[in-house]
Each structure stands twice: as C-alpha cells, then as structure tokens.
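Position 1 is the first residue of the sequence, and the numbers go up from there. Computed over heavy atoms, backbone and side chain alike; hydrogens, waters and symmetry mates excluded.
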Amino acid sequence: MESLERILRGNDEHVASIGEDHFEGIRERQDPPIVSVSCSDSRVPGEGVWNAASDGDLFTSVNVGNQVWTDIDDQRVVNDAVGYAVSSLSVDLIAVLGHTGCGAITAAYEAVFGDSADVGPPPDRHAQPAVDAAVGRLIPIVEDARGAGVVDASTPPLRAINRLVEYAVREQVEFLVDDESVPEDVVVAGFVYDFQRAYGDADGAAYLVSLDGETDGEQLRNSLTAEYHDRVVSLL
C-alpha cells in the first residue's frame, strides 16, 4: 500500500503542475514527430532522457531490451508501438535507445557464454514466458557479435555487455531501415544512454552510434553541428 500511495501522491504533484491550457491542441489528437524506443530499466527515464518539452512531443515505446521488433507467426516484424508511430502518427524520427549495463543484454550474454556479469541482477529468464521470449530475441545478436569478433570469451564481462548493447542498437537500426513498413523518409537513429561512464564522463548522456545504418564516426559527426560532435562515440 505504501507504493500505491506513493504513485498517487506523485500523480497529485503532476496534476498540480499542469496549467489549464496544458492539453490545448492535443486533447483530441496527437501529432508527435518522434518515437523513442527505450528500455524498461528504472534507471532510464523514457521521456526525461530527451527532456521532452511538453506532452504530445514524444511517442514512447518502453520494453525489455529496448526492442523495436517482435515475432508474429515465426516472422520478425516491427513492434506495435513503432508500427503505429510510423503508420498512423507519421513520425519523422525513430530513436532507438539502448543503455549501458542492460539486464536483458546481460541475460542474452550469459545464455551464450555461460558466464556471470556483475552488472546487477539480470531478468530471470525462466520466471515469465514473455521475459524469456524477449531475451531470446537478443540471443542471436550476441551470437552474431561473437562470430564477428565484437566480443569473445576473453572480453571482460562488463566491457562485453556494453559492446553488445551498442551492437544490438546498430542491428535494430539496420532492421528498421531495411523493413518495408518503415517509410524511407523516416530517419532512424541509434543511441546508447550512459550512466556507467563507458563512453564519457557525462552521466545521462546519449551517444549517437548509428544513423540510418551509418556507423562511421566521421560520417556521423558530419550529420551534426559541431556542438554535438562529442556525442559521437563508439565502443566497437
């Protein structure tokens, strides 16, 4: 009951912060330009990462492992949130946001390498079928990364996890770019949210690691103003 009243108290504060015109223009419809796909991890604030200016600015998909896909009838497809965003809301940007120390990636890593990474408790893959399925969709990515030499059995676990996080973001960007259900004029950007200072010293910074499938650092920096060149960093 303490947790229940805690969230109700939080909602009271939310209500108090809303002005009378807060929902003007969006009471009946939404028209966000961006869909952000982030992880359910409690350390990753889905909207706070981007400091969304107001309600209606950002459509969000939050799930285990920040996945843009799901499986239907043994076929990998764009998930419901991203599919709705590109088909019904006409967003012009998809932001795929992984994060350092991801528990879902950790579970997939352990399934492949049979190792234990000290990054906090990963999801119990056997507790819930849906969790097991979510981690299962990430296992082939870890296997591909191992085959490509991104990580191997000698890679320190913490470093391996964070390299795999970035690799998984890149793979999901590629998936969206190649999927026919995503319009060609929709930009797909891949980021890693860093609170372990694996990419730099700025806690909470999001680092651009892929843009429409381009991963070369120089090319990515050319797509940004000089102000954001330091946000292009790669562990791969």
[X] [atom1] to [Y] [atom2] distance, which is reported to the nearest 0.5 Å:
X	Y	atom1	atom2	answer
Arg6	Glu2	CZ	CD	8.0 Å
Leu93	Ile34	CG	CD1	5.0 Å
Thr100	Asp194	OG1	CG	4.5 Å
Asn63	Ser38	CG	OG	8.0 Å
Leu235	Leu164	CG	CG	10.5 Å
Leu224	Leu208	CG	CG	6.0 Å

Any donor-acceptor pair under 3.5 Å linking the side chain of Asp179 with the backbone of Ser181?
->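 Flag set: sc Asp179 to bb Ser181 pair under 3.5 Å.
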Do side-chain atoms of Gln172 reach the backbone of Gly98 as a donor and acceptor pair under 3.5 angstrom?
->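 Pair absent, no side-chain N/O of Gln172 close to backbone of Gly98.
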Same cluster (ILVMFWY, side-chain, under 4.5 Å), Tyr228 and Phe191 |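 Yes; Phe191 is reachable from Tyr228 via cluster members.
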Given the rule that I, L, V, M, F, W and Y join up when any side-chain heavy atoms are under 4.5 Å apart, are Val78 and Val177 in one cluster?
->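 Linked within one cluster.
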Who are the side-chain contact (heavy atoms from CB on, under 4.5 Å) partners of Arg27, not counting sequence neighbours?
->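 Listed in chain order: Phe23, Glu24.
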Please list every donor-acceptor pair under 3.5 Å in which a side-chain atom of residues 11-20 meets a protein atom from a residue at least two apart or in another chain.
residue : atom : partner : partner atom : Å
Ser17   : OG   : His14   : O            : 2.7

Any ring pair (Phe, Tyr, Trp, His ring centres under 6.0 Å) involving residues 135-163? Give me the pairs, sequence neighbours left out, ordered by first then second residue.
->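 Listed once each, the pairs would be none.
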If a pair satisfies side-chain hydrogen bond (donor to acceptor under 3.5 Å, both in side chains) and one of its residues is in [range], list it, with sequence neighbours excluded.
range	value
residues 139-152	Asp152-Ser154, Asp152-Thr155
residues 204-220	none
residues 77-95	none

Residues in ring-ring contact (aromatic ring centres under 6.0 Å, His included) with [X], at least two apart?
X	value
Tyr167	none
Tyr193	none
Phe195	His99

For Arg76, salt bridge (charged side-chain N to carboxylate O under 4.0 Å, His left out) partners two or more places apart |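 Salt bridge (charged side-chain N to carboxylate O under 4.0 Å, His left out) list for Arg76, sorted by chain: Asp71.
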With sequence neighbours left out, write down each residue that passes salt bridge (charged side-chain N to carboxylate O under 4.0 Å, His left out) with Asp203, or none if nothing qualifies.
->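 Counting only residues at least two positions away or on another chain, Asp203 forms a salt bridge (charged side-chain N to carboxylate O under 4.0 Å, His left out) with Arg197.
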Side chains of [X] and [Y]: does their closest heavy-atom pair fall under 4.5 Å?
X	Y	answer
Val86	Pro183	yes
Leu138	Ile105	yes
Val35	Leu89	no
Pro32	Leu58	no

Other cluster members, Ile72 - Ile/Leu/Val/Met/Phe/Trp/Tyr, side-chain contacts below 4.5 Å =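 The other cluster members (ILVMFWY side chains, heavy atoms under 4.5 Å, direct or chained) are Val77.
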Polar side chain donor-acceptor pair, Glu166 to Ser234, under 3.5 angstrom |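 Yes, Ser234 and Glu166 have a side-chain donor paired with an acceptor closer than 3.5 Å.
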